[in-house]
Protein chains: 2
Amino acid sequence: MSTEGAHPTTAATGRRRELLSIAAELFADRGFKNTTVRDIADAAGILSGSLYHHFDSKESMVDEILSSFQAELFAAYDEVLRSDDDARTKIERAVRLSFEAIDRHRHEVAIFQNEADFLGQQERFAYLAERNAQSRDVWITLLEDGLASGALRPDLDVELTYRFIRDTVWVAVRWYRPGGKLTHTDVADQYLTILLDGIAHA
Amino acid sequence: MSTEGAHPTTAATGRRRELLSIAAELFADRGFKNTTVRDIADAAGILSGSLYHHFDSKESMVDEILSSFQAELFAAYDEVLRSDDDARTKIERAVRLSFEAIDRHRHEVAIFQNEADFLGQQERFAYLAERNAQSRDVWITLLEDGLASGALRPDLDVELTYRFIRDTVWVAVRWYRPGGKLTHTDVADQYLTILLDGIAHA
DNA sequence: TACAGTACCAAGCAATTGCTTGGTTGGGCA
DNA sequence: TGCCCAACCAAGCAATTGCTTGGTACTGTA
């Protein structure tokens with residue numbers, strides 16, 4: 001009868017986490033709708049029905065994958081916001097933090113990128129839209145602080161710049177692979193260089 | 001027995017085009033796998049079986065949608081490449097051209113962005129990967145010309161810059177809506193400003 | 001040794017899916 | 001008038017889907 005948190009049985013038994021990880025990889029690669037419970041079970045070496053010993057639906061699997069990832073991510077954003085770094089440093093930290101999330105949670109990021117719009121239509125996943133709004137607030141705040149402090153050029157359209165950064169950062173999940181030639185720090189460095197100073201010759 | 005072209009009956013009868021347009025919107029909004037032939041038929045006001053009078057499979061519908069769009073897009077790229085504009089102008093034109101494509105063919109762009117990876121696994125859609133490579137060639141050429149002519153800053157990583165531009169441009173299809181407050185030209189202007197000169201204060 | 005709980009299997013059901021088949025309708029043309 | 005043909009309907013089939021049910025093997029604990 002323990003009812004703390006959205007996922008009462010999140011006290012992962014090990015196997016549960018393992019299955020979620022397998023599911024996350026498949027959801028990220030093929031899409032949620034395009035992954036069958038039999039696919040997941042096959043990858044785990046069990047029968048599809050056995051999944052329902054651990055989870056009560058395929059939906060609750062994505063739900064748990066996404067919500068636990070989001071919780072971790074937004075905790076990190078909050079820390080940046082609450083720090084007393086200057087505006088430019090905060091922006092840099094927020095960008096680096098995002099690439100770090102891509103490095104450590106590619107499947108979760110990919111699922112969110114690909115499925116949030118569609119899943120968000122269901123009431124169960126309404127928190128996805130809330131998180132989106134929350135993320136926008138973070139960035140708009142950072143950018144406005146940057147403008148106010150003179151760190152950013154005054155002719156920027158804040159809303160459009162926010163979208164530019166958001167899209168640019170997260171879409172990297174499509175090609176970035178941990179363990180590849182480029183570390184997530186390398187990518188963040190280059191992206192920040194372009195973002196802050198542009199590609200044109202000075 | 002006419003066998004010219006990949007789609008023998010592409011000589012659109014009007015109704016055919018109409019059905020493809022309806023399908024494209026649904027594919028873009030819900031995803032290919034997530035759109036049923038009954039969804040398409042309902043939206044068109046006919047029964048699902050009647051679709052098979054016009055097309056021989058759901059797959060051939062996306063196929064036709066994507067391949068005809070790609071043909072148009074790459075013709076436009078070619079024109080930029082063959083022009084005698086300077087390097088920077090060519091880059092600007094290529095960016096603007098992409099936003100124009102998003103404006104005029106949002107559904108097609110969205111489908112390509114969302115489904116290309118998955119569909120590309122099938123032999124039938126191998127041309128998607130080829131087009132991707134072709135697009136990369138275009139951009140790498142433009143960027144290297146820009147570096148050679150001194151229009152771009154010499155410390156740029158060409159490969160990463162290519163990805164940066166590609167991702168940034170196409171991902172805009174997720175939020176851009178024709179007829180909204182911002183025209184595609186507005187968006188292109190702002191994006192080019194950031195891309196070329198960065199967001200930091202000079 | 002008895003027992004409880006976790007992790008799973010074996011079989012199958014109801015709904016949904018893409019697609020097929022054989023027929024009907026109505027406008028254009030000779 | 002007779003015919004054609006594009007466009008559609010009505011019904012349904014086989015496969016796939018998410019999920020359920022009733023049971024079994026194994027492990028740790030008292």
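Quick caveat, the model's predicted, so the values are computed rather than measured. A note on names: the letters A, B, ... follow the listed sequences, proteins ahead of strands, and every chain is numbered from 1.
For the pair A:L192/A:D197, no side-chain contact is recorded, criterion being any heavy-atom separation below 4.5 Å from C-beta on. Within the 4.5 Å cutoff, no side-chain heavy atoms of A:K33 are placed close to those of A:E115.
Rounded to a whole Å, the CZ atom of B:R38 is 14 Å from the C1' atom of D:dT17. The separation between B:D56 atom CG and C:dC19 atom P is 9 Å, rounded to whole Å. In this structure, NZ of A:K33 is placed 16 Å from P of D:dT16, rounded to the nearest angstrom. Look at CG on B:L51: it is 11 Å from C1' on D:dC8, rounded to the nearest Å. Spacing between atom CZ of A:R16 and atom C1' of C:dG5 amounts to 16 Å, rounded to whole angstrom units. Atom CD1 of B:I40 is separated from atom P of C:dG18 by 8 Å (rounded to the nearest Å). Rounded to whole Å, atom P of D:dA6 lies 17 Å from atom CD of B:E18. For the pair A:R15 CZ and C:dC8 C1', the computed distance is 9 Å after rounding to whole Å.
Listed nucleotides D:dA10, D:dC19, C:dC9 differ in distance to B:L47; the shortest reach to its side chain belongs to D:dA10.
For the contact set between residues 115-122 of chain B and DNA chain C, defined by any heavy atom under 4.0 Å, there are no members. A heavy atom lying under 4.0 Å from DNA chain D marks none of the residues of residues 20-29 of chain B.
Of all heavy-atom pairs between B:A94 and B:W139, the closest is CB-CH2, 3.5 Å. Across A:K90 and A:L142, no two heavy atoms sit closer than the pair CB-CD2, 3.7 Å.
With sequence neighbours excluded, the residues forming a salt bridge (charged side-chain N to carboxylate O under 4.0 Å, His left out) with B:E59 are B:R124, listed by chain and number.
Side chain A:S57 to base D:dC19: no donor-acceptor pair is found below 3.5 Å.
For the residue pair A:T183 / A:D186, a side-chain donor-acceptor distance below 3.5 Å is found, with atom types taken as modelled. For the residue pair A:D86 and A:T89, a side-chain donor N or O sits within less than 3.5 Å of a side-chain acceptor on the partner. No side-chain N or O of A:S60 forms a donor-acceptor pair with one of A:D63 less than 3.5 Å apart. Side chains of B:Y77 and B:D137: no donor on one and acceptor on the other come within 3.5 Å.
Comparing B:S48 and B:A44, the nucleotide of DNA chain D nearest to each residue sits closer to the 5' end for B:A44. Each of B:G49 and B:N34 was assigned the nucleotide of DNA chain C with the nearest heavy atom; the assignment lying further toward the 5' end belongs to B:N34. Place A:E59 and B:G45 on DNA chain D by their nearest nucleotides, and B:G45 ends up nearer the 5' end.
An OP1 or OP2 oxygen of D:dC8 is reached within less than 4.0 angstrom by a side-chain nitrogen or oxygen of B:H54. Within the structure, every side-chain polar atom (N or O) of A:H53 is placed at least 4.0 Å from both OP1 and OP2 of C:dC8. Distances shorter than 4.0 Å separate some side-chain N or O of B:S50 from OP1 or OP2 on D:dC9. When the side-chain nitrogen and oxygen atoms of B:Y52 are compared with OP1 and OP2 of C:dT20, none of them lie within a distance under 4.0 Å.
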Could you spell out the base pairing of DNA chain D as a dot-bracket line? Use Watson-Crick and G-U wobble contacts where both distances are under 3.5 Å, [ ] for crossing pairs, | for partners on a different strand. ||||||||||||||||||||||||||||||

Extract all donor-acceptor atom pairs below 3.5 Å that involve side chains of residues 24-32 of chain B and protein atoms in other chains or at least two apart in sequence.
{"residue": "B:R30", "atom": "NH1", "partner": "B:D39", "partner atom": "OD2", "Å": "3.0"}

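Sorted by first and then second residue, the pairs that involve residues 170-180 of chain B and meet side-chain hydrogen bond (donor to acceptor under 3.5 Å, both in side chains), not counting sequence neighbours, are A:Q113-B:R174, A:D167-B:W175, B:D103-B:Y176.
Ring centroid separation for the pair B:F164 and A:Y191 comes in under the 6.0 Å cut-off.
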